[in-house]
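Worth saying up front: this structure is predicted, and the values here are computed from it rather than measured.
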Amino acid sequence: MNNIVVVISGCPGSGKTTLAKYLARSLDGILLSYDDILRELGNFSVENFHQARILFLERFLEIMNNCDSKIILIDDVNHLKSLIKPYKRIAQQHSSKFLHLIIDISLENALSQNLQRENQVTEEVLITHYEKLQQEKFWKNSKHIQSQEIEKMSQKAILLTNEAEVLRPRELISVPQQQSLMHEIDIELRKCVRSLILAVPDLQRKEFAELANKTKQDVMALMSKIPEPTLDYAKWQFESIISLKIRK
């Protein structure tokens, strides 16, 4: 029997992590949490942000390769389609079932529930994730559930999990195609690096160029671990890491 991969999308405060943990207990599933990996690495830093992303994908691949008939719940930042694609493609390669759940909640309720969380995010971050979720065009078979009491929300999620369909495996892209894709990503990231360097004052350009090029190398290393990396995912990783480094 195949594994079932369940990816849950929802802005902070929607109950995404609570639902993932509840389903893992109820269905004897495996919960893979990005935040847990960050905590294992010691603290939230730019270096750990990138390292946790690599470890997350490696652990997911290990679980898919070594487990059978398990429900695998992905608790990660899933507000963009490009972030979910790697999990869907890996599930597809393993002829596994796949379910994408989207938790619907009003912005007002999300902000209110965020204030009650132990690990709150800033209002700015929450609103950004909320707006991107609203704008993102996910798959036609993505399923929506309303944020509510955990028991009711989990009942609906369990029903949808039982109805998840097996993804038919596709032929893997060839080595030349993979190399061509990585080359395309490399070119686009080089453009990102150049535009960022030109945007900073002359006196800071050398230091910033080193930071931007190191970030590009890290992102390319991460993309090499994904079966079919996407440009959107690569650019999101690059922009996220650069943003953290600048704030630091």
Starting at [atom1] of [X], measure out to [atom2] of [Y] and round the result to the nearest 0.5 Å.
X    : Y    : atom1 : atom2 : value
L115 : E123 : CG    : CD    : 8.5 Å
I4   : L27  : CD1   : CG    : 8.5 Å
L196 : E239 : CG    : CD    : 8.5 Å
S154 : L19  : OG    : CG    : 7.0 Å
W236 : L80  : CH2   : CG    : 7.5 Å
I145 : S14  : CD1   : OG    : 9.0 Å

Test of understanding: clusters of I, L, V, M, F, W, Y form through side-chain heavy atoms closer than 4.5 Å, transitively. Do [X] and [Y] belong to the same one?
X    : Y    : value
V166 : L101 : no
Y34  : L41  : yes
L160 : I105 : no
I54  : I185 : yes

Minimal non-hydrogen separation, [X] against [Y], with atom names:
X    : Y    : answer
I158 : L23  : CG1-CD2, 3.6 Å
G10  : L133 : C-CD1, 3.5 Å
L99  : A164 : CB-CB, 4.2 Å
C11  : Y130 : SG-CD1, 3.9 Å
F238 : A212 : CE1-O, 3.6 Å
L126 : A110 : CD1-O, 3.7 Å

Check for a donor-acceptor pair, side chain of [X] on one end and backbone N or O of [Y] on the other, with a separation under 3.5 Å.
X    : Y    : answer
E136 : K81  : yes
N213 : V193 : no
Q92  : L167 : no
K235 : C192 : no
S112 : E108 : no
N2   : S95  : yes

Considering residues at least two apart in sequence or located in another chain, which fulfil the salt bridge (Lys or Arg N to Asp or Glu O under 4.0 Å) criterion with [X]?
X    : answer
R194 : none
R117 : none
D232 : none
K216 : D186

If we only count heavy atoms from C-beta on, is the [X] to [Y] side-chain gap below 4.5 Å?
X    : Y    : result
N3   : I71  : no
L83  : D76  : no
T122 : V125 : yes
M153 : Q146 : no
S9   : K16  : no

(request) With sequence neighbours excluded, give me every ring pair (Phe, Tyr, Trp, His ring centres under 6.0 Å) pair touching residues 98-119. (result) H100-F138, H100-W139

(request) Examine the side chains of N109 and S106 and answer whether a donor and an acceptor come within less than 3.5 Å of each other. (result) yes

(request) Can you run down the salt bridge (Lys or Arg N to Asp or Glu O under 4.0 Å) pairs that involve residues 137-164, sequence neighbours left out, and say none if there aren't any? (result) none

[X]: side chain to side chain donor-acceptor pair (under 3.5 Å) partners, not counting sequence neighbours:
X    : answer
N78  : none
K21  : none
S96  : none
D218 : K214

Could you list the donor-acceptor pairs under 3.5 angstrom formed between side-chain atoms of residues 199-209 and any protein atom two or more places apart in sequence or on another chain?
from: D202; atom 1: OD1; to: R205; atom 2: NE; distance (Å): 3.4
from: D202; atom 1: OD1; to: R205; atom 2: NH1; distance (Å): 3.3
from: R205; atom 1: NE; to: I197; atom 2: O; distance (Å): 3.3
from: R205; atom 1: NE; to: V200; atom 2: O; distance (Å): 3.2
from: R205; atom 1: NH2; to: L198; atom 2: O; distance (Å): 3.2

(request) Evaluate the side chain to side chain contact (heavy atoms under 4.5 Å, CB included) criterion for residues I8 and D75: first the C-alpha distance (whole Å), next the side-chain angles of each, then the deciding distance (0.1 Å), finally the verdict. (result) CA-CA 7 Å; I8 305 175; D75 183 19; over 6 Å; no

Going by atom type alone, with no hydrogens or angles, which donor-acceptor pairs under 3.5 Å involve a side-chain atom of residues 57-66 and a protein atom two or more places apart or on another chain?
from: E58; atom 1: OE2; to: K225; atom 2: NZ; distance (Å): 3.2
from: R59; atom 1: NH1; to: E40; atom 2: OE1; distance (Å): 3.2
from: R59; atom 1: NH1; to: E40; atom 2: OE2; distance (Å): 3.2
from: R59; atom 1: NH2; to: E40; atom 2: OE1; distance (Å): 2.8
from: N65; atom 1: OD1; to: H94; atom 2: NE2; distance (Å): 2.8
from: N65; atom 1: ND2; to: L61; atom 2: O; distance (Å): 3.1
from: N66; atom 1: ND2; to: E62; atom 2: O; distance (Å): 2.8

(message) Is there a side chain to side chain contact (heavy atoms under 4.5 Å, CB included) between V6 and I74? Walk through the geometry before answering.
(response) CA-CA 6 Å; V6 181; I74 304 296; over 6 Å; no

(message) Working note: K97 + V5, criterion side chain to side chain contact (heavy atoms under 4.5 Å, CB included); need CA distance, chi angles, decisive distance, verdict.
(response) CA-CA 6 Å; K97 294 183 177 182; V5 178; over 6 Å; no

(message) Looking at Q134, I'd like to know if its CD atom is crowded, meaning that more than 12 non-hydrogen atoms belonging to other residues, nucleotides or ligands lie closer than 6.0 Å.
(response)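 Yes, CD of Q134 has more than 12 neighbouring heavy atoms, counting only those of other groups under 6.0 Å.
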
(request) Give the intermediate values and the outcome of side chain to side chain contact (heavy atoms under 4.5 Å, CB included) for residues I30 and L73. (result) CA-CA 6 Å; I30 299 173; L73 297 127; over 6 Å; no

